[in-house]
Number of protein chains: 2
Amino acid sequence: MELRTLRYFQAVAEELSFSRAAERLHIAQPALSRAVRDLEEELGTPLLARNKHKVRVTPAGAVLLRETGVLLGLAEEAARKVQRTALGQEGELRLGYIGPPTRDFLAGVLREFRIRYPRVTVILEERTPERVWEMVLKGRLDLGLTRPVTAGERLGLETLLLREEPLCAVLPSGHPLAKVESLEWSSLRGQPLIVLARREGVGLHDRVLLGCQRAGFPPTLAHTPSIVGTVLTYVESGAGIGVVPESVATLAGADTMVFKPLHPVELVSLVLVWNREHENPVVEAFCALVRELMATG
Amino acid sequence: MELRTLRYFQAVAEELSFSRAAERLHIAQPALSRAVRDLEEELGTPLLARNKHKVRVTPAGAVLLRETGVLLGLAEEAARKVQRTALGQEGELRLGYIGPPTRDFLAGVLREFRIRYPRVTVILEERTPERVWEMVLKGRLDLGLTRPVTAGERLGLETLLLREEPLCAVLPSGHPLAKVESLEWSSLRGQPLIVLARREGVGLHDRVLLGCQRAGFPPTLAHTPSIVGTVLTYVESGAGIGVVPESVATLAGADTMVFKPLHPVELVSLVLVWNREHENPVVEAFCALVRELMATG
DNA sequence: AGCGGTAATACCTTGTCGGTATCACCAACT
DNA sequence: AGTTGGTGATACCGACAAGGTATTACCGCT
């Protein structure tokens, strides 16, 4: 049973005439007669009762006509769905991100994305930066919003640099170092430091260690909480000096703490990452939108 | 887009291998490659991503695979439904009948029919005998349970004689004629008669008139109600003598009225009628069942 | 480097589909 | 009643698409 045959049958059953149906289908009448006869043979039962001048639909034919309508409709719809999916206008986007530093960025992009691609379902997954990389690599995510990994393990993964930001020290307002114009890494020597746990972000954590190492001293890690907000809480309570990316400043109350850029500048960045081989049109649409938004505003 | 192509695509997408899929489909691998390529061309988008040694399903392909599953399932189911319908095992039977005299007969047959053909929906329509004939003729009913029509207007309609029954007189128990052994039509001369309205059944009504005519007198019609039960009510109230088919006796209380066969016997019959040209398998199944039940019990 | 296995390509064969011409038949209208 | 127009079926033919065979190009794995 083929869709072509069903289309033919449908035409005849609707027109109740082989010749008119043939005309409508732009084929010759004998071809149509044969097609219907073959279909009847295949199903083992007459579908149209023809007594030389009148065509009637048999009960079996009536059933087939109904089913054919459904079938042909679904087939057409399926083709459209496939094409929409190919254009990135339909489907789903599994997007992994790393939490606070990406939330404001995500919010803006997603708002616009949902407007332009309303039939795409965005599935958000919050994970650690390494886990995001791993999941993108394994295909469990279509797209990751994360920090670059230190190791060069970008096997076939495409990245797009979104933002670079300097590392800052966070101090309680009353801290002696809070009033200097510009803070040197070396000033942190001996100070109790509060840094995000390494398991929550190898890139960021190691970058802090690197800053200290370049300034020629080993850091004194007082606490390594697993949530960025907790770093700020520790600082507020006077437990030490926090080292965080600049964007974290937006999370903090401005009067109780001060953020000081550290010199020499150590940059941490935010990237989009995806598997180019997967050639997912939704991913491409999303990246295109991100590029566009970065260019315009 | 053809079902054949979709079957091919499905095989490849499931096996994730052209050669294995080709084996499963019992065709050669190059044919498969071409079929899938053509399908991709038709839909205007890659469905399978093949990098020489691995086959992956693209997002568009995943969508098509899902839709294909539905489509092929429905197609198969449709074919089965058509075949079941052709065998009379599925579908509907629009059955017209004429009321009281057929109810007991119908009940028995329908009970058995529903057991043997549980997927056939029986639609019952109660009409006058003429209306049943007309509807069967016009194809608005598949089958009629009615009385034969007097006119020979059985154009292509097949009939099956179910039952013949004599006409009876119904009298109140106290009536002078109630005690005679056998009642002659001629005894009805001058008696007020109660007969079913002609519009409710030309055949029955005219047969009563014929009985009187043969006995050589014109009937005195006291009442012609449109419901058989009302005939009995009139008789009970002493309004006259009813003339009804024998089977109506089952409707009446035995103590207040008596039923007397009329001589010479005038038979009215009950027939099944259907349009042979329609070749409806459900109709044939029903008739076969009726014949079988009449033969056995 | 060589082997096994993959999908793609080139080319040929065949079966199927569609077209033309014609027939048989019925219906409606002279 | 005979004719004519229109129906679907049949016979036959041609074209093209589908499938098959042989081969190539490429990759991963020994």
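Reminder, nothing fancy here: chain letters follow the sequence lines and each chain counts from 1.
- Side chain of E284(A) to backbone of G88(A): no donor-acceptor contact under 3.5 angstrom is found.
- Rounded to an integer number of Å, the gap from CZ of R56(A) to P of dG8(D) is 14 Å.
- Whole-Å rounding puts the R4(A) CZ to dC17(C) C1' distance at 7 Å.
- Atom C1' of nucleotide dG19(D) and atom CD of E23(B) are separated by 17 Å, given to the nearest angstrom.
- We find that NZ of K54(A) is positioned 15 Å from P of dG6(D), with the value rounded to whole Å.
- Using a cutoff of 4.0 Å between basic side-chain nitrogens and carboxylate oxygens, R80(A) and E77(A) are not scored as salt-bridged.
- The pair R24(A)-E15(A) meets the salt-bridge criterion, with a side-chain N (NZ, NE, NH1 or NH2) lying under 4.0 Å from an Asp/Glu carboxylate O.
- Distance, E41(B) CD to dA8(C) C1': 14 Å, rounded to whole Å.
- Distance CG (L25(A)) to P (dG8(D)): 13 Å, rounded to an integer number of Å.
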For a side-chain contact (heavy atoms from CB on, under 4.5 Å) check, start with the C-alpha distance between V12(B) and L32(B), then their side-chain angles and the critical distance, and finish with the verdict. CA-CA 8 Å; V12(B) 181; L32(B) 233 191; 3.6 Å; yes
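- Look at S19(B) and you won't find any side-chain N or O under 4.0 angstrom from OP1 or OP2 of dG5(C).
- Residue R116(B) qualifies as enclosed at atom CZ: its count of foreign heavy atoms under 6.0 Å is above 12.
- A heavy atom lying under 4.0 Å from DNA chain D marks the following residues of residues 27-40 of chain A, by number: Q29(A), P30(A), S33(A).
- Distance from the side chain of R50(B) is smallest to dA8(C) among dC17(C), dA8(C), dG8(D).
- Atom OH in Y8(B) sits roughly 16 Å away from atom P in dA17(D) (whole-Å rounding).
- Within a 6.0 Å sphere centred on CD of E23(B), other residues, nucleotides and ligands contribute 12 heavy atoms or fewer.
- Protein atom CZ of F18(B) is 11 Å distant from nucleotide atom C1' of dT6(C), rounded to whole Å.
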